[in-house]
Amino acid sequence: MSGLLSDLRLVARLAGPSRRKQGTVPWARSVSVPGPWPPANRAGPLAPRLRALVAGEKPAICTADELHYVPVSGSEWKLALWRYLPSPNATRRNHPLLLLSGVGTNAIGYDLSPEASFARHMSSQGFDTWILEVRGAGLSARQLDYEEAKRSLNAVSDWTESVLLAGQSSNIISQLRDFSKKLVDIIERGQNVVPSPLVGLQERLSSTLEDFQKQLDVIENYDWDFDHYLEEDVPTAMDYLRTYSKSKDSKLLAIGHSMGGILLYAMLSRYGNAGKDPGLVSVATLGSSLDYTSSRSSLKWLLPLVEPAQALNVPVVPLGGLIAAAHPLASRPPFSWLNLQISAQAMMHPELMEKLVMNNFGTVPARLLLQLTTAFQDGGLCDRRGTFFYKDHIDKCNVPVLALAGDLDLICPPDAVYETAKLIPKHLLTYKVFGEPGGPHYAHYDLAPAQVYPCIIQFLNRHGRI
């Protein structure tokens, strides 16, 4: 999911002008694209990689069995892959399972606790399970050697240092401060009431931005978009899994939440249009769509916030800090509706909600958010050049897809999920909305073990050839 407030900030850059069918879109800059797209699947030896970190070596925040780092060719990034080893007591699967997270989020959303860990549950069912943290997320590192990465990422307090940027001028802070004031105004209007002045929230946001300013000298510039994830990060991780897991047919299973699912849809669209095999046995998406224009997404009321040109004046958004600052107010009336963006009432234990909000979100570049806003414009999500519209080619995919929606998902409502799902060939699509009139209900982050897990496993069993 992109997820919730993560997607909330996504929209903060959104906006305005009519969609251009040709030419470069406003946020695009000169970038290097790695070879022909889509790339050929590679199953041979990979570039040199950092060794896997196991218990006792991993940063304390990493609750996986192993932590792997894999370099992205042509960049300075090393992506983090959290690995959960399949249970020796379960039936061993033929294909590794890759999990992709939402915008601005890390691996924690898939592994909140031993009792609420989707990743751990899948490994208990025999899946060799991997969570990818794309560049800028979680434990992914830039220009750090093994020892430096180990030292700098060992404490939770270092999350920000590992995912924020540096080298930006001091006026970023004043720009972000203006943005935070606008955000407070948006929150007021979103509730459709006239609450008491949000002095507490504004003070919290100001404090967050002051902390952010102190880190500008030690963090690096974030300057990438959605296509960097699609064309570089995800293929790099898939190549690594193919080789490391020794899949017999070099294929993978994949599950994506929010933006993670959007990435999988975009990949299926690109490969389908090129008539190539994406190297995926089957795909499951959770709360994802390529086109939100006709939906009732709660993100829409943020769309008029800023024109793209104005948004570019704020090159990054310290998403994690802003969400953490807003959380104490968002957890009680009249702002409890913000928590409903994440989880339906009584679906998530308060302690898990707290952990998710305080630990799952990081800093994101404006270019990424601006490209994602095209999903709210005519034609749906497009590439950085504004010439390839992903939904126009999703009908050419040849991979079974499970598209799941939550009945009370305010970020990506069922009608948004269906807007993409309906374009997938019928014989390949399984579409399901979770939630009953009398409850339980499901929001953007409600991966309920008793209902959602079995549905996903049944689908993977049917198409994964155990």
Side-chain angles (χ1 to χ4, degrees), residues 1-7 9-10 64 79-82 84 96-112 117-119 122 127 129-140 163 224-238 241 252-270 278-280 282-292 299 319 342 356 360-362 364 368-369 371-372 375 381 390 394 397 399 401-406 409 411-412 416-417 420-421 443-447 452-453 456 459-460:
M1 7 113 5
S2 116
L4 151 195
L5 267 12
S6 131
D7 290 325
R9 214 56 2 83
L10 167 161
L79 308 179
L81 283 161
W82 296 36
Y84 301 78
L97 172 63
L98 176 64
L99 306 182
L100 302 178
S101 305
V103 61
T105 62
N106 53 53
I108 289 178
Y110 282 118
D111 191 14
L112 278 173
S117 173
F118 180 71
M122 297 306 286
F127 292 95
T129 304
W130 302 72
I131 307 174
L132 169 63
E133 291 185 321
V134 292
R135 67 185 69 193
L139 299 178
S140 288
V163 297
W224 65 84
D225 54 26
F226 177 86
D227 286 353
H228 282 95
Y229 292 156
L230 177 65
E231 298 173 359
E232 299 180 30
D233 294 14
V234 175
T236 295
M238 290 179 63
L241 265 64
L252 284 66
L253 304 166
I255 297 174
H257 173 252
S258 199
M259 187 192 72
I262 298 174
L263 280 166
L264 292 174
Y265 280 144
M267 177 169 285
L268 294 178
S269 177
R270 283 285 194 96
L280 295 167
S282 61
V283 162
T285 65
L286 316 173
S288 305
S289 180
L290 293 170
D291 187 353
Y292 292 76
L299 299 179
L319 179 62
I342 298 179
L356 183 71
N360 191 48
F361 302 94
V364 291
L368 167 62
L369 301 182
Q371 185 175 357
L372 288 173
L381 183 71
Y390 294 105
I394 193 68
C397 83
V399 174
V401 174
L402 171 65
L404 298 183
D409 188 339
I411 300 294
C412 188
V417 175
T420 296
H444 201 56
Y445 267 94
D446 290 327
L447 279 173
V452 180
Y453 292 10
I456 294 174
F459 172 81
L460 296 181

Distance check, rounded to the nearest 0.5 Å: [X] atom [atom1] versus [Y] atom [atom2]?
| X | Y | atom1 | atom2 | value |
| --- | --- | --- | --- | --- |
| M238 | M267 | CE | CE | 5.0 Å |
| S289 | I262 | OG | CD1 | 7.0 Å |
| L253 | T129 | CG | OG1 | 9.5 Å |

State whether the side chain of [X] and the backbone N or O of [Y] hold a donor-acceptor pair below 3.5 Å, judged by distance alone.
| X | Y | answer |
| --- | --- | --- |
| D227 | L230 | no |
| S101 | A107 | no |
| S140 | L79 | no |
| T105 | F361 | no |
| Q371 | D225 | no |
| E133 | N106 | no |
| D446 | A443 | yes |

* Side-chain donor-acceptor pair under 3.5 Å between N360 and Y445, yes or no? ->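 There is such a pair (donor and acceptor under 3.5 Å, judged by atom type) between the side chains of N360 and Y445.
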
* With no hydrogens and no angle check, do the side chains of W224 and Y229 hold a donor and an acceptor under 3.5 Å apart? ->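 Short answer, yes.
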
* To do: Kindly indicate, with the supporting measurements, whether the criterion ring-ring contact (aromatic ring centres under 6.0 Å, His included) is fulfilled by Y265 and Y390.
  => CA-CA 8 Å; Y265 280 144; Y390 294 105; over 10 Å; no

* To do: Report the C-alpha separation of M122 and L99 in whole Å, then their side-chain angles, then the decisive distance to 0.1 Å, and conclude whether the side chain to side chain contact (heavy atoms under 4.5 Å, CB included) test is met.
  => CA-CA 10 Å; M122 297 306 286; L99 306 182; 5.6 Å; no

* Show the numbers, then the answer: is there a side chain to side chain contact (heavy atoms under 4.5 Å, CB included) between S282 and F459? => CA-CA 9 Å; S282 61; F459 172 81; 3.8 Å; yes

* To do: Would you please name every residue forming a side chain to side chain donor-acceptor pair (under 3.5 Å) with D233, sequence neighbours left out?
  => R135

